[in-house]
Structure formats: structure tokens, C-alpha cells
Amino acid sequence: MAKLTYRDAIRNTMFQEMQRDERVVVLGEDVVGGMGTAGGPEAIGGIWSTTTGFYDAFGPNRVIDTPISESAIMGAAGGLALAGKRPIAEIMFADFIGVSMDQLWNQIAKFRYMFGGKSVCPAVIRMPCGAGYNAAAQHSQMISQFVTGMPGIKVVMPTTPEDACGLMRQAIRDDDPVVFLEHKFLYGLTGEVNEDPDFCIPFGHARLARAGKDVTIVASGMMVRYAETAADDLAQDGIGCDVIDIRTTSPLDEEAILDSVEVTGRAVIVDEAPPRCSLATDLSSLIAQKAFASLKAPIEMVTPPHTPVPFARELESAYLPSPAKIAAAVRKTLDYR
Amino acid sequence: MQLNREALTRAYRQMKLIREFEERLHEEIQTGEIAGFTHLYCGQEAVAVGVCEHLTERDKIVSTHRGHGHCLAKGCDVDGMMKEIWGSQDGLCNGKGGSMHIADIDKGMLGANGIVGAGAPIAVGAALSNKIDGPDENGKLAIALAFSGDGACNQGTTFEAMNLAVVTKAPCIFVFENNHYSEHTGVDYAVGTVQDIASRAEAFGMKVWRADGTDFFAVYDTFREVLEYVRTPGNGPAAVEFDTERFFGHFEGDPQRYRGEGELDRLRAERDCLKIFRASVTGAALLDAADLDKIDADALQAIEDAVTAARAGARPQPENVLDNVYISY
């Protein structure tokens, strides 16, 4: 085991996989940083410091610094993958998915299906995402609702450094296209990480972050951290919560969620995306359809309101879910009737 | 003209096969037997064949919604394509793609595409893969190529792809087939650089060529130069614009009210690449009319056989809807 940040867990895993498999390449804006400047290559090393040192180690053919051209980045990832490479493309902010949407949604996601199973497209699309540091409406969004709804795409949302490592390695070795949603607010989080060079976490397996018998909290990404805090606070009052970190939104570990709700009879869904047509509504629907008989209270959703992400500190705080909002929702399910 | 008799025969056979494939589809679609949208390549055959005759299976192409000609020219199976268009489980894509999504990865055909302008970025990715693989024993790179029309030349994706290819020196070729119509709109209106697409590519910093796309020999000879340039490591991408003609509408069923009086008759009379080829090779006594007539008859028969096979092809079952979304899930 090693103590690593979430950022270094991602970086080290990509680096190791590039050493292990020469088909693995990275591309994106400023993944080298400094190209064409007095500072020279690696002057930046990626704005998230997730690709620092890659250019020096692997060279320009495998570490492709691109212009600001998200459609071309996404499309090139698709073309590289169809041609037998294993690209890891970085879309610097998940919000820029809009620029590149066609290449993801109409191309990468659908190649295999449209071509009758005769193509393999093992592309990983990294999308740093999420709010929490006042970056306003176009640099803060959670976009899980768009990608989870895309047949053909797998979607990963790690919360811990260890999961970031195991899920990233699985994503790179996986033969299907994967969108890897890394939460920007988690980059500095430190934790123990399995150092086995083949450590992978299979997709579709949730993690039980906290165990309790009274209420099930289902969350993903940064929201898991808030749910853990809420669960710890509630435990002080004798309220026990299962906190289920779904880890991958597609495929989804339905069983882990339903098994827990069958025990607790109460469910709180926490989602960083706005509330309509989202992961929150999707999971609520799942529970209502498949665990209806177990429910002792209406399902609660803790989500931002149906608004863009605001800028000012007070407004962003009001927008985002929080441990206090989650705890209040838990208590509401317990107070029902 | 440096082609030997065998190569000339092959080129004509390929062009004629595409022509008959498309003419037959034009008839069959009117019966209602074929579902969906179909965009025919008739009139542009010299481009697909004049380009693809130079390529190997290591070279990759990305095509368009008007892709049948590119697919056939790159070596996709005629029966498999016809079955696909008929929606058969035996089709090249198991009936999942249809006319607009025919692909054969093993042949280096990375897919027709229903989205105008979507192909160029994918081609750049495939070209970057070729660049990573490096030159062969003769010091030459495999290339990747995007066919685009005068419609796609207005898409931002095409611009982004051209710039990325230049910046990364990707061995990528942008083939612009200017058939003068993007859907139902004339190129004089829709393309600001009037009557010229190649200059756009040139502005992105790559070398460009232009040729008459109705003259197979012009296409073939020009593309050989383009290919030689791009296969050379370090040169990066290039573009070529072929002036060509679309004999049918944007899609089958298009009433084509935008056509001028007698326009289609004139194009068929004066700008038909097959007629021009025939006149050229018989005039120069490279092939005789009987040889060409035989190829014509063979092509007709091949299409007849393909249609018969497509009609008899296995139909997909409802449970097949779930196949091949993922490799594992």
C-alpha cells in the first residue's frame, strides 16, 4: 500500500499503463503544456498535474498535445482506438463535452453497435468535473446525466484514491469506451492505494462506504464524501446509514442499492447534477420499481436546483448538496408518518 | 497514363460496379422494399476508385453518408453491403447500420457516417496511429483519409481536424469531393471561398492539389502525388479537391427542384466519368469496347446476384437488438 493523492493515483496508474502497453497514448489540451513557448514542453505538464512527466518519458508520438479543439480530440481518440491504439483523451473540463458531443455520442459510443460488433473502440475519455471552487456555470458542472444515458459508453466516477487507481487501470484495459469523471475537488484527497501493478476494480460493483440499518444513502463522486460526513454526524444521534458509492454509473450495481433498501426501507439519493432527467431520478425510479414493497417512506433526492451553477461563494454553497442537506433528507425519511 | 491493361480493367470494373450498385438501389428503393435513408454516389465513381486503387489494407478511410462508392472501392464485399442495406442479419454490420453506417475495419474502412463532417477527426486519429506505428521497410507511412463533401467543408469538425493534423504532422489526407450540392443547397451559396475548397485546407498550412473528379486518370495521377507526399515521414497531411457531379438527389426521394433545366441530362451526357473513361481508353486503344462491354455485363450480373442474395438473407431477430452495445457489461 502507498499513501497517494487522488491526482497521483490517476497519474501514476496512467503512467504505469503507458509503460506496460505501448498502445496506450494520451492526448488533450496542454497535457504537455508549454509547447511552442519559451518555457518549452512540460513547462506546465497538464493543468491538473495528471500528465506531468509523460512527454519526457514517452515522447510526442504517444503524448499528443492538441490545440483547443475538443471535437478533434474526441474524434481523434475514436480514430486512434478504431485503429488499434488505447487512447486516453483529456477534455480539460467536463463542461466542454458540449463542444465534442457528436464525436462521443454519435461516433465513439455507437461504432461497435452500428458496425455489427466488428469494431473495438477502447478509448478512455477523462473529464475533470464538478463544482466547489467558484468556477461558475461553464467550468463546474456534473455531466454524469448525459454520459450515463449513452448506450455504448461506460461511466466511472471514483471517489477515493484507491478507486481512482483501480478504476483507471480497468478503464484503460477495458475494450469498451469509458468516460472517466474525476472530480476536481477530490484531486488533493489522500488515501491508501493498492500498489499491485495489475490492481483493477471491475465496473458495476458499488462500494459500501458506511454501514447502517436505518437509511440507504446512494451517492457518487464528491457527493460520497458529503454523504459520509452526514452519516458520521447522524451516527452520533444513533441513526445508522448505508452509504453506497456506486463508483460506476454505467454499468450500475443495482443489486447493492436494492439489497440495502430492502433492509432499510428508506432511500436518499445524492447527485451533483440538476434534478431533472438525472442520476437521481434514474436511481429513484430504480428503487420505486424494484424495491417498492420495501419502502417505508418516499424516496428523497438531494440535488442542486434546476439552475446553472452560480459563481458567488454564497450562491454556489446554496446550489450544492451538503452534509447538512443530506442529513436533513435522512431525517425526513425517518420522520415520515 | 501509366496503367497496364489489368489495372485499367480493374479500375473500370470497380467504377462500373459502383454505378450499377447505385442505379439498382435507385430502382429498388422506389418499390419500398428498402427501409431508411439512402444517399447515392452515382456520378462520383472516378474519385472513390481513383483514390482507393492506390491504397492498401493498412491505409484507413473514413467515409460519409454518401458512402457506398468508398466502401466498394476500399474492398467491402458487394453481397455483404447489399444485405446490410436490406437490413439482413447477414449484412456487413448485421443489419445494425444500414446504408449510412457500413464499415469493414479489417479492410481499413472505418465507417460511412450519418453526420456530415464527423469523419475528418476520426481520420486524424487513425493517421496518428499510423504515425505511431512508423514507416514500413520502404520508409513509407500508412495513411488515413477522410472523404468529405462540399457540405462537410463547412463543418467546424473539419477545420479542427485539418489544424490538428497539421500541428501533429499526421499522415492524413483530406479528400474533398465537390459535387456542387450540400443537400439541396448550391456550393456557390454555401461555401464562402467560391468554387474553391482546397484553398481552405491550404490556409491551414498543408499542401493541396486539385483535379477534375470526372476524369479517372486525373484523379488517379493526382492522388498518386498526394499519397507519395503524405507517405513520406515528416511531411504531415495534405488535401485534394476533386470537382465532381452528383447524378441523383441528396437522398432517394429528393424531388430535386433545385436542378436547372436539362441539368441532369447534361451531366449524364458530358460529365459522366464512366463515359469519359470509356472514350479515353478506347480512343487510345488501351482497351477495346468488347472488353468494356464484358465488364458491364459482369457488373450487372454481380449486382443482380447481390440483390438476390440480399432478398434471401436471414432477417435479424428481435433479441438481436441487444447485441454488441458493449463487449462486456
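Below, chain A is the first sequence line, B the second, and so on; all start at residue 1. Not measured: the values here are computed from a predicted model.
- A/Tyr113 OH to B/His101 NE2: the interatomic distance, rounded to the nearest 0.5 Å, is 12.0 Å.
- Proximity of A/Lys118 to B/Asn94: side-chain heavy atoms (C-beta onward) are separated by under 4.5 Å at one or more points.
- Residue B/Glu33 places its CD atom among more than 12 non-hydrogen atoms of other residues, nucleotides or ligands, all under 6.0 Å distant.
- Of the possible polar contacts, one joining the A/Gln103 side chain to the B/Ala118 backbone as a donor-acceptor pair under 3.5 Å is found.
- One finds the CG atom of A/Asn61 at 8.5 Å from the CG atom of B/Leu128 (value rounded to the nearest 0.5 Å).
- The side-chain heavy atoms of A/Leu80 and B/Ile132, taken from C-beta on, include a pair separated by under 4.5 Å.
- Across all their heavy atoms, A/Ala72 and B/Pro121 have their closest contact at CA-CB, 4.0 Å.
- The closest side-chain heavy-atom distance from B/Glu160 to A/Ile73 is not below 4.5 Å.
- Using a 4.0 Å cut-off between a side-chain N of Lys or Arg and a carboxylate O of Asp or Glu, B/Asp133 and A/Arg23 do not qualify as a salt bridge.
- Of the atoms belonging to A/Ile153, it is backbone heavy atoms, and not side-chain ones, that fall under 4.5 Å from chain B.
- Side-chain contact between A/Phe111 and B/Ile122: present, with at least one pair of heavy atoms (C-beta onward) separated by less than 4.5 Å.
- Looking at A/Glu22, there are no atoms closer than 4.5 Å to chain B (heavy atoms on both sides), in backbone or side chain.
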Would B/Leu164 and A/Ser69 count as a side-chain contact (heavy atoms from CB on, under 4.5 Å) here? Give the steps. CA-CA 8 Å; B/Leu164 180 61; A/Ser69 304; 5.7 Å; no
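- Crowding of B/Phe37 atom CZ: a count of heavy atoms from other residues, nucleotides or ligands under 6.0 Å not exceeding 12.
- Here the straight-line distance linking atom NZ of B/Lys131 with atom CZ of A/Arg62 works out to 13.0 Å at 0.5 Å rounding.
- For A/Ile44, the CD1 atom sits in a loose shell: 12 or fewer heavy atoms of surrounding residues, nucleotides or ligands are nearer than 6.0 Å.
- We find the NZ-CD1 distance between A/Lys110 and B/Ile115 to be 7.0 Å, quoted to the nearest 0.5 Å.
- Among B/Asn163, B/Val124, B/Thr168, B/Leu92, the residue making the largest number of heavy-atom pairs under 4.5 Å with chain A is B/Leu92.
- When the heavy atoms of residues 319-329 of chain B are compared with those of chain A, the residues falling under 4.5 Å are B/Val321, B/Asp323, B/Asn324, B/Val325, B/Tyr326, B/Ile327, B/Ser328, B/Tyr329, listed by number.
- Rounding to the nearest 0.5 Å gives a distance of 7.5 Å between CZ of A/Phe115 and CG of B/Leu110.
- Only the side chain of A/Ile64 comes within less than 4.5 Å of a heavy atom in chain B; its backbone stays farther off.
- Neither the backbone nor the side chain of A/Thr248 comes within contact range of chain B, judged by heavy atoms closer than 4.5 Å.
- The contact between A/Asp102 and chain B is made entirely by side chain atoms (from C-beta outward), counting heavy-atom distances below 4.5 Å.
- Counting heavy atoms from C-beta outward, A/Met35 and B/Val167 have side chains that stay 4.5 Å or more apart.
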